[in-house]
> 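One structure coming up, written as structure tokens, with questions to follow.
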Amino acid sequence: MSTESDLPQGETIRVEIDDNRIAWLYFDRPEKRNAMNPTLNREMFAALDALEDDDRVAVVVLTGTGDSFSAGMDLKEYFRETDGKPRSVQHRVRGEGTNWQYRKLLNYAKPTIAMVNGWCFGGAFVPLVSCDLALASEDATFGLSEVNWGVTPGNLVTRALAETIPTRDAMFYIMTGQHFDGQKAADMRLVNEAVPADQLRQRTIDLALQLTSLSQWVVRGAKMGFRHSRLMSWEAAEDYLYAKHDQAILFDKDAREQGMTQFLDDKTYRPGLGTYATSAE
Ligand code: ACO
Ligand code: V55
């Protein structure tokens with residue numbers, strides 16, 4: 001585990017890189033339930049930017065310290081303290097949020113996993129949905145609490161939900177502000193799985209290791225292909241998805257070679273049931 005000074009750092013975030021090439025990126029304002037203030041938004045962007053280029057890192061896990069994932073936007077520092085400032089300030093503050101909450105994360109060059117360890121409200125749904133995969137503790141608490149304090153969901157909260165969960169569930173929780181637990185979040189596919197709190201970290205590591213066992217170029221191409229092609233015409237998608245397919249072969253020729261050779265010639269594995277063996281790095 002490296003915790004040296006060459007890791008991205010900040011007052012409101014924490015980063016660890018472990019021996020499995022997993023970067024653990026924490027919301028780290030436990031005394032404020034990891035609410036996102038402007039400082040946190042800037043530090044998250046900088047940390048994600050640094051980890052994207054860091055060869056020690058193959059997967060990023062986004063989670064929170066203490067008993068919270070994130071309590072959403074900071075009502076004091078993000079909203080109240082920007083009230084009355086020039087519109088341009090509000091615009092900049094909002095942009096610093098969206099820069100990492102979806103723009104950076106949606107296009108992130110490495111696989112990302114949200115590990116929802118506790119409270120997850122409002123604005124926290126944007127980075128949650130923007131991560132490629134999500135696991136939650138069964139006893140985590142989620143809510144679109146905006147209506148409870150007198151606003152509609154802002155940023156991409158609603159758009160991200162429309163991308164992820166069924167309309168009936170989205171409408172119910174957006175309109176009522178009722179909270180729900182991790183098991184319910186898994187039932188409506190907001191997260192991939194909910195597991196007991198004491199198994200959450202190990203399950204996340206297992207999932208991350210599955211991703212790191214595959215060609216990173218192939219995983220990246222597969223992810224971007226799904227993200228972008230759904231908004232394209234079939235014609236554009238055909239061209240784009242073949243471009244991603246051929247790009248992955250170009251960037252990692254060995255993966256496909258080994259994949260075919262070990263199945264067709266060596267008969268040492270079956271791709272339907274698992275991946276080929278990589279030579280020791
Ligand atoms: N913004 C600003 N401060 C917050 C936030 C937030 N979103 N969430 C928690 N805090 C602060 C509290 O003001 C309190 O600060 P203080 O100690 O200086 O008084 C501290 O964090 C602890 O909060 P408590 O409410 O005492 O913690 P508790 O564990 O009892 O409850 C819970 C946790 C349920 C998360 C509660 O804090 C809460 O409801 N927070 C707001 C959740 C929310 O609606 N977020 C906004 C979503 S909408 C959007 O993001 C746009
Ligand atoms: C919300 C979230 C935001 C924001 C404004 O409704 C409102 C939540 C994630 O950022 O900028």
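Atoms within a ligand are numbered from 1 in the order they appear, just like the ligands themselves. When reading the values below, keep in mind they use all heavy atoms of this one structure, side chains included, and skip hydrogens, waters and symmetry mates.
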> Looking only at heavy atoms, is any part of Gln101 under 4.0 Å from ligand 2, and if so is it the side chain, the backbone, or both, or is it neither?
side chain
> We want to know whether Asp28 and Thr65 form a side-chain donor-acceptor pair, criterion being a heavy-atom distance below 3.5 angstrom.
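Yes, Thr65 and Asp28 have a side-chain donor paired with an acceptor closer than 3.5 Å.
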> Any protein heavy atom at under 4.0 Å, with atom 16 (P) of ligand 1 as the reference point?
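Yes.
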> Please identify which atoms of ligand 1 are closer than 4.0 Å to at least one heavy atom of Gly123.
49 (C), 50 (O)
> If every non-hydrogen atom of Ser68 is compared with every non-hydrogen atom of Ser70, which pair is closest and at what distance?
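So the two residues come closest at OG-N, 3.6 Å.
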> With a 4.0 Å cut-off on N to O distance, would you call Lys76 and Asp74 a salt bridge?
no
> Would you mind running through ligand 1 and noting each atom that sits below 4.0 Å from a heavy atom of Phe79?
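With Phe79 as reference, the close atoms of ligand 1 come out as 51 (C).
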> Give a yes/no verdict on whether any heavy atom in Tyr78 is under 4.0 Å from an atom of ligand 2.
yes
> Could you tell me which atoms of ligand 1, counted from 1 in the order shown, lie closer than 4.0 angstrom to a heavy atom of Glu31?
20 (C), 21 (O), 22 (C)
> Please assess Glu11 against Arg29 for the test salt bridge (Lys or Arg N to Asp or Glu O under 4.0 Å), listing each intermediate value before the final yes or no.
CA-CA 8 Å; Glu11 286 166 37; Arg29 302 180 70 213; over 6 Å; no
> If you have a sec, work out which protein heavy atom is nearest atom 43 (C) of ligand 1 and how many Å separate them, to one decimal?
Ser145 OG, 3.3 Å
> Below 4.0 Å, non-hydrogen atoms only: which portion of Phe125 touches ligand 1? Side chain, backbone, both or neither.
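Neither; no heavy atom under 4.0 Å.
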> Protein heavy-atom contact under 4.0 Å for atom 27 (O) of ligand 1?
yes
> So, for Thr164 and Val129, which heavy atoms are closest and what is the spacing to 0.1 Å?
OG1-CG1, 3.2 Å
> For atom 46 (C) of ligand 1, state which one of Gly122, Cys120, Ala71 supplies the nearest heavy atom.
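Result: the heavy atom closest to atom 46 (C) of ligand 1 is in Ala71.
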> Any cation-pi pair here, Arg42 with Trp100, using under 6.0 Å and within 45°?
no
> Hey, can you tell me if Phe121 and Trp119 have their rings parallel, tilted or perpendicular (30° and 60° cut-offs)?
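Because their plane-to-plane angle is under 30°, the rings of Phe121 and Trp119 count as parallel.
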> Does NE2 in His179 sit with more than 12 non-hydrogen atoms of other residues, nucleotides or ligands closer than 6.0 Å?
no
> What residue and atom, counting heavy atoms only, is the protein's closest point to atom 2 (C) of ligand 2, and at what distance?
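I find the closest protein heavy atom is Met73 CG, 3.5 Å.
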> Check this for me - ligand 1, Leu75, N or O atoms closer than 3.5 angstrom, yes or no?
yes
> Assess whether a salt bridge exists between Asp18 and Arg56, defined as any Lys/Arg side-chain N lying under 4.0 Å from an Asp/Glu carboxylate O.
no
> More than 12 non-hydrogen atoms from neighbouring residues, nucleotides or ligands closer than 6.0 Å to CD on Glu257, yes or no?
no
> Consider only side-chain N and O atoms of Gln90 and Thr82, and report whether a donor and an acceptor are under 3.5 Å apart.
no
> Starting from atom 6 (O) of ligand 2, which protein heavy atom do you reach first, and at what distance in Å?
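The closest one turns out to be Glu146 OE2, 2.6 Å.
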> Which atoms of ligand 2 have any heavy atom of Gly123 under 4.0 Å away?
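Those qualifying, in numeric order: 2 (C), 8 (C), 9 (C).
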> Can you check whether Phe251 and Trp217 have ring centres sitting under 6.0 Å from each other?
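Ring centroids of Phe251 and Trp217 are less than 6.0 Å from each other.
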> Give a yes or no on this: more than 12 heavy atoms of other residues, nucleotides or ligands lie within 6.0 Å of atom CD of Gln199.
yes
> Using a distance threshold of 4.0 Å (strictly less than), state whether atom 33 (C) of ligand 1 has a protein heavy-atom neighbour.
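So far as the 4.0 Å threshold goes, atom 33 (C) of ligand 1 is in reach of a protein heavy atom.
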> Does the protein put any heavy atom within less than 4.0 Å of atom 51 (C) of ligand 1?
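Yes, at least one protein heavy atom sits under 4.0 Å from atom 51 (C) of ligand 1.
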> Can you check whether Trp149 has an N/O within less than 3.5 Å of an N/O in ligand 1?
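No, Trp149 has no N/O under 3.5 Å of an N/O on ligand 1.
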> Please indicate, with yes or no, if any protein heavy atom is found under 4.0 Å from atom 12 (C) of ligand 1?
no
> Identify, by atom number and element, the atoms of ligand 2 in contact range of Pro153, meaning under 4.0 Å from any of its heavy atoms.
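Numbered from 1, ligand 2 contributes 6 (O).
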> To the nearest 0.1 Å, how far is atom 3 (N) of ligand 1 from its closest protein heavy atom, and which atom is that?
Asp74 OD1, 4.3 Å
> Less than 3.5 Å apart, any donor N or O on the side chain of Glu96 or Asn41 sitting next to an acceptor on the other?
no
> Are the charged groups of Arg230 and Glu163 less than 4.0 angstrom apart, N to O?
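Glu163 and Arg230: salt-bridged.
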> With backbone taken as N, CA, C and O and side chain as the heavy atoms from C-beta onward, which portion of Tyr78 lies under 4.0 Å from ligand 1: side chain, backbone, both, or neither?
neither
> At a 4.0 Å threshold, what atoms of ligand 1 neighbour a non-hydrogen atom of Gly72?
50 (O)
> Return a yes/no value for Gly154: is any of its N or O atoms, backbone included, closer than 3.5 angstrom to an N or O of ligand 2?
yes
> Is any N or O atom of Asn155, backbone or side chain, closer than 3.5 Å to an N or O atom of ligand 2?
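Yes; the residue has a nitrogen or oxygen that sits under 3.5 Å from a nitrogen or oxygen of the ligand.
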> If you count heavy atoms of other groups shown closer than 6.0 angstrom to CZ of Arg94, is the number above 12?
no
> If I apply the N/O under 3.5 Å rule, does Lys76 come out as touching ligand 1?
no
> What residue and heavy atom of the protein are closest to atom 39 (O) of ligand 1, and at what distance?
Phe121 CE1, 4.8 Å
> Are Tyr173 and Phe180, when compared by the centres of their aromatic rings, separated by less than 6.0 Å?
yes
> Would you check the N or O atoms of Ala35, main chain and side chain alike, for any that come under 3.5 Å of an N or O of ligand 1?
no
> Could you check atom 19 (O) of ligand 1 against the protein and tell me its nearest heavy-atom contact, residue, atom and distance included?
Lys32 NZ, 4.7 Å
> Geometry only, no angles: is Arg33 polar-contacting ligand 1 at N/O separations under 3.5 Å?
yes
